[in-house]
Amino acid sequence: GAVVSQHPSRVICKSGTSVKIECRSLDFQATTMFWYRQFPKQSLMLMATSNEGSKATYEQGVEKDKFLINHASLTLSTLTVTSAHPEDSSFYICSARGVPGYEQYFGPGTRLTVT
Amino acid sequence: EDQVTQSPEALRLQEGESSSLNCSYTVSGLRGLFWYRQDPGKGPEFLFTLYSAGEEKEKERLKATLTKKESFLHITAPKPEDSATYLCAVSRGQNFVFGPGTRLSVLP
């Protein structure tokens, strides 16, 4: 149980284009979903938290107009990187939390490369 | 300020050589301490949740313990497949604060 999927697993895009990443909880309803970014050999950095049907809460320093998050249902959240630049290249990981409990279950991650 | 540190940063063990990883935290209103395992290029895999001092959880060769200021992840007779980065996180409200992780290598 508690399986989270992400799609795509890898994406390469050109500078200036937008990329959408999907995160789905497959066998539970996720009241809250989280988006993280991870640089090589570093820990996870929380970007934003989203509750179903509400606007996402972004961490300090994360541009909300650049990283658009939509949590339209209890099983799906999307992260859109708009006008991507090479510095946006990173490993993006989503997680989901259901009820009860505070555990977060993570997706397999998406490797974004902007050329 | 909420803070989570982990030590050592990296650890190399011979197969069968038991050891412990440390996670120290300062957080107000702790709602749980979590251990995850992360393999390169993958998302973290949930291992344990600990809620109160004195609590212990076990899974195969892993055992997690919790005190008021730190948690230990004990690895008994590790195998090469236990090689990974082990992350701990504390929950304050709905968000996690992650530690930097310990990179474990188990040599055959």
Side-chain angles (χ1 to χ4, degrees), chain A residues 1-7 9-10 21 23-26 28 30-52 54 56-60 62 71 90-113, chain B residues 1-11 21-25 27 29-52 55 57 59 64 66 71 83-105:
Chain A
V3 179
V4 177
S5 69
Q6 264 183 261
H7 179 80
S9 59
R10 290 178 177 271
I21 303 169
C23 176
R24 294 180 184 271
S25 57
L26 299 184
F28 67 102
T31 54
T32 307
M33 286 186 165
F34 306 83
W35 286 95
Y36 293 85
R37 187 172 178 176
Q38 188 174 35
F39 292 103
K41 296 191 176 181
Q42 293 189 25
S43 193
L44 285 75
M45 182 188 79
L46 179 65
M47 298 174 66
T49 302
S50 72
N51 294 294
E52 184 261 341
S54 302
T57 301
Y58 291 81
E59 293 298 296
Q60 192 172 7
V62 178
H71 190 168
S90 190
F91 191 51
Y92 293 87
I93 312 174
C94 73
S95 70
R97 191 185 75 198
V99 288
Y102 291 95
E103 292 87 359
Q104 291 183 25
Y105 297 94
F106 287 82
T110 296
R111 173 75 57 193
L112 170 64
T113 303
Chain B
E1 182 183 340
D2 298 338
Q3 198 168 24
V4 180
T5 59
Q6 290 186 247
S7 62
E9 181 178 330
L11 180 63
L21 313 182
N22 175 267
C23 171
S24 296
Y25 63 92
V27 62
L30 179 72
R31 295 190 181 184
L33 185 140
F34 306 83
W35 282 98
Y36 289 85
R37 167 195 172 125
Q38 186 176 25
D39 293 301
K42 296 187 178 180
E45 174 191 345
F46 172 73
L47 294 175
F48 303 110
T49 305
L50 301 166
Y51 287 109
S52 57
E55 190 175 358
K57 294 274 181 73
K59 179 181 178 181
L66 181 65
S71 176
S83 298
T85 295
Y86 290 85
L87 299 166
C88 77
V90 295
S91 173
R92 49 169 177 84
Q94 69 174 356
N95 290 357
F96 277 9
V97 177
F98 273 94
T102 293
R103 292 193 309 278
L104 174 66
S105 300

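We name chains A, B, ... by the order of the sequence lines, and we start the count at 1 in each one.
- Atoms OG1 and CG, on A:Thr49 and B:Asn95 in that order, are 4.0 Å from each other to the nearest 0.5 Å.
- B:Glu45 contributes atom CD, which lies 11.5 Å from atom OH of A:Tyr105 (distance to the nearest 0.5 angstrom).
- Smallest separation of non-hydrogen atoms from A:Glu103 and B:Tyr36: C-OH, 4.3 Å.
- Between A:Tyr36 and B:Phe98, the distance separating the two ring centers is shorter than 6.0 angstrom.
- Within the 4.5 Å cutoff, the side chain of A:Ile93 has no heavy atoms near those of the B:Lys42 side chain.
- Contacts of B:Gln38 with chain A are made by side-chain atoms alone, with heavy-atom separations under 4.5 Å and no backbone atom involved.
- Across A:Ser43 and B:Gly99, no two heavy atoms sit closer than the pair OG-O, 2.6 Å.
- Top candidate by heavy-atom pairs under 4.5 Å with chain A, chosen from B:Gly41, B:Pro40, B:Gly32, B:Gly101, is B:Gly41.
- Ring geometry, B:Phe96 versus A:Phe34: the interplanar angle falls under 30°, so the pair is classed parallel (tilted spans 30 to 60°).
- With a threshold of 4.5 angstrom between heavy atoms, A:Gln38 approaches chain B through side-chain atoms but not through N, CA, C or O.
- Between the B:Ser91 side chain and the A:Tyr102 main chain, no donor and acceptor come within less than 3.5 Å of each other.
- The number of heavy atoms from other shown groups lying within 6.0 Å of CD (B:Glu9) does not exceed 12.
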